[in-house]
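So you know, we letter chains A, B, ... as the sequences are listed, proteins then strands, and number each from 1. Heavy atoms only: backbone and side chains are in, while hydrogens, waters and symmetry mates are out.
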2 protein chains.
Amino acid sequence: MSRIDLSLATVDCAACPIRHRAVCASCEGEDLARLAAMKSYRTWKAGETIVLEGQALSFVASVVEGCATLTRSLEDGRMQMVGLLMPSDFVGRPGRTTAPYEVTAATKVTLCMFDRRAFERMMTETPHLAGRLLEMSLDELDAARDWMLVLGRKTAREKVATLLAIILRRAPTAARPLRAELPLTREAMAAYLGLTIETVSRQMTALRKDGLIRLDGARGILCEDLAALIAEAGDDGDGALLT
Amino acid sequence: MSRIDLSLATVDCAACPIRHRAVCASCEGEDLARLAAMKSYRTWKAGETIVLEGQALSFVASVVEGCATLTRSLEDGRMQMVGLLMPSDFVGRPGRTTAPYEVTAATKVTLCMFDRRAFERMMTETPHLAGRLLEMSLDELDAARDWMLVLGRKTAREKVATLLAIILRRAPTAARPLRAELPLTREAMAAYLGLTIETVSRQMTALRKDGLIRLDGARGILCEDLAALIAEAGDDGDGALLT
DNA sequence: CACGTCCATTGACCTGCATCAAGGCGACGG
DNA sequence: CCGTCGCCTTGATGCAGGTCAATGGACGTG
């Protein structure tokens, strides 16, 4: 999901510094100004649909705040999450007119949006922008492929441990115990992991009873020993968890 | 996996016309010549490893002939295929130095290779090349996300039907019955689908007994009614199968 | 021809997760 | 204060697919 080093996000644009770095890490003054000139903001409440599957998509955007999900569905309603967008992640596809999956707000979420056509025009005139987007797409591709391994081969316990570890790794402070607030409901976690709500819940309590995590309400999680949790995730030495 | 319309592959390069269209659909004379000047070929036998997981990757390439797989593994040996490369597909990642997954020849396979550094240099000088690679990456991303749905939510029967349908859709002739030679062993099919060999085998015979396919040896498959097979795959109206 | 290797098939059995069903708990409104 | 709604947890049960094991066919080799 094309995560950007937020420590770089020190750009001279008060409104959404993160986004500008994310879209165009090497943009200089004038390009940055042009990007800034054509942006607009919009906010959705948790649970609202941002784009329907198959719908025409007239904008590209990046997440300023909150958390959004990408999902695809089978005709009988079974649903799989295929992407999780966090602040600084990019939404939309230059050169594509329709959305191949549904975009939904997981929490209250704010996007910084650009008209797709205008953005594409700028891409042709600003060569390194395409290179930057390519890099971000490759990051997303890596993340998608890591998730294919999770979905295809991990047990329920490993799946849940994997997701918790990923979220805990982003914890705002490094002090032990690590603490994070889950941006996802059990339903969203299940959609992400290819499980049911019940199985997610059972594995959460199992991890708690085994002393690997503690729960603080339904959404707060605490972890004394992240390495132990990562060991439960069954990853090889190379996995996304360790990068 | 960035499939290219092969009907466009009428380019004035005798050795590997497909590849040039694939890498740079809009390249004109001079650019094409520069690409051609720095290429080299290499062939692997079925089963050989092309690149190890985590290994430095000094080239980018495209598949001229045959079939290669991308796989990722857990530490205990469980393995998941995360990509299947067919002729005209692109391998390698401009801007990345190491391979995040293992690349293996599924059949005898020939790659047309470029030194990665030289290719990257050319990218900076040939703006539309980055745009083209972005488009290909987005195709791969779509394919990966479709597979996440397959891995996370489909039953074994649906998974096998999905894979067979994808392969039959590429059948060289449209005459009924459709006929295709599987480029994959049962083991590779299982790796792709997140199943075991035995389950793949059982579902193949179940589909045969239900009259949806016929088998011709271990690798040949025949299908009178592709629509019926696609119905078994459980896809929504939007799926990759119907495009 | 006998033998070994590789790949696929089939059967018997078991287990991990889905399914179905019943509460629990906190937030919010009347 | 109570009722209700959304979200989560827990229990009981069943089955899809994994695991273990045996067999068979295709092919190459001594």
Side-chain angles (χ1 to χ4, degrees), chain A residues 45-48 74 76-80 104-108 150-164 181-210 213-221 232 234, chain B residues 45-48 74 76-80 105-108 150-164 181-209 213-221 232 234:
Chain A
K45 288 200 286 276
E48 286 184 323
L74 297 176
D76 62 4
R78 281 173 287 173
M79 171 176 284
Q80 175 64 46
T104 311
T107 62
K108 181 184 172 205
V150 173
L151 290 171
R153 297 299 178 191
K154 285 193 179 179
T155 65
R157 183 184 176 94
E158 289 168 337
K159 286 178 174 179
V160 172
T162 304
L163 180 55
L164 294 181
E181 203 71 18
L182 290 172
L184 302 175
T185 64
R186 294 288 182 273
E187 188 175 7
M189 292 175 68
Y192 206 159
L193 297 170
L195 298 171
T196 58
I197 301 178
E198 295 94 328
T199 299
V200 171
S201 187
R202 276 187 252 272
Q203 297 302 332
M204 294 280 285
T205 62
L207 291 173
R208 176 171 57 73
K209 285 182 178 165
D210 294 346
I213 56 171
R214 275 180 293 146
L215 303 182
D216 176 15
R219 297 293 190 88
I221 51 176
E232 290 293 330
Chain B
K45 289 200 286 275
E48 287 185 323
L74 298 176
D76 62 3
R78 281 173 288 173
M79 170 177 285
Q80 175 65 47
T107 62
K108 181 185 171 202
V150 173
L151 290 171
R153 296 300 179 191
K154 285 193 180 181
T155 65
R157 183 183 176 92
E158 290 168 336
K159 284 179 175 179
V160 172
T162 304
L163 180 54
L164 294 181
E181 204 71 17
L182 290 172
L184 302 175
T185 63
R186 294 287 183 274
E187 188 175 8
M189 292 175 68
Y192 205 160
L193 297 170
L195 297 171
T196 60
I197 301 177
E198 295 94 326
T199 299
V200 171
S201 188
R202 277 186 252 272
Q203 297 301 331
M204 294 280 283
T205 62
L207 291 173
R208 177 172 57 74
K209 285 183 178 163
I213 55 170
R214 276 179 294 145
L215 303 181
D216 175 16
R219 297 295 188 87
I221 50 175
E232 290 293 328

- request: Give the rounded distance in Å between these two atoms: CD of B:Gln203 and P of C:dA8.
  value: 16 Å
- prompt: Can you tell me if the side-chain N/O atoms of A:Arg157 get under 4.0 Å from OP1 or OP2 in C:dG16?
  reply: no
message: Whole angstroms only, please: what is the CD-P distance between B:Glu187 and C:dT5?
response: 17 Å
query: Does A:Arg153 reach the main-chain N or O of B:Leu195 with its side chain, forming a donor-acceptor pair under 3.5 Å?
result: yes
Each nucleotide N or O in nucleotides 26-28 of chain C that has a protein N or O under 3.5 Å away: list the pair and distance.
none

query: Which residue, A:Arg153 or A:Met204, contacts DNA chain D at a nucleotide closer to its 5' end, judged by nearest heavy atom?
result: A:Met204
message: In this structure, how many angstroms lie between the P atom of C:dG16 and the NZ atom of A:Lys154, rounded?
response: 18 Å
- prompt: In whole angstroms, how far is the P atom of D:dT9 from the CG atom of A:Leu207?
  reply: 12 Å
- prompt: A:Lys159 NZ to C:dA18 C1': how many Å, rounded?
  reply: 12 Å
query: For the pair made of CG in A:Leu195 and C1' in C:dT19, what is the distance, rounded to whole Å?
result: 14 Å
message: Given 3.5 Å as the limit, does a donor-acceptor pair link the side chain of B:Gln80 with the main chain of B:Ala191, or not?
response: yes
query: At under 4.0 Å, does any side-chain N or O of B:Thr185 touch on OP1 or OP2 of C:dC7?
result: no
- prompt: For B:Arg157, what residues pass the side-chain contact (heavy atoms from CB on, under 4.5 Å) criterion, not counting sequence neighbours?
  reply: B:Thr155, B:Gln203, B:Ala206, B:Leu207, B:Asp210, B:Leu212, B:Glu232
query: With a 4.5 Å heavy-atom cut-off, do A:Thr196 and A:Arg202 have their side chains touching?
result: no
- prompt: Under the 3.5 angstrom rule, does the side chain of A:Glu187 hit a backbone N or O of A:Ile197 as a donor-acceptor pair?
  reply: no
message: Strictly distance-based, threshold 3.5 Å: is any side-chain N or O of A:Lys159 a donor or acceptor partner for the main-chain N or O of A:Leu193?
response: yes
- prompt: Looking for any heavy atom pair under 4.0 Å, which part of the strands does B:Gly194 touch: base, sugar-phosphate only, or nothing?
  reply: sugar-phosphate
task: Measure from the side chain of A:Arg219, starting at C-beta and using heavy atoms only, and say which of D:dC8, C:dA18, C:dA8 lies closest.
output: D:dC8
query: To the side chain of A:Arg186, which of D:dG18, C:dC17, D:dT9 is closest?
result: D:dT9
Short side-chain to backbone donor-acceptor contact, B:Arg186 and B:Ala218, under 3.5 Å: yes
message: With heavy-atom distances below 4.5 Å as the criterion, would you say the side chains of B:Arg219 and B:Thr185 are in contact?
response: yes
message: I'd like to compare against my own output: the B/S/- annotation of nucleotides 10-15 of chain D with a strict under-4.0 Å heavy-atom distance to protein.
response: BBB---
field: Length of the line joining B:Asp216:CG and D:dG25:C1', which is rounded to integer Å
entry: 15 Å
message: Between A:Ile221 and A:Arg214, is there a side-chain heavy-atom distance shorter than 4.5 Å?
response: no
query: Whole-Å distance between C:dA8 P and B:Leu215 CG?
result: 12 Å
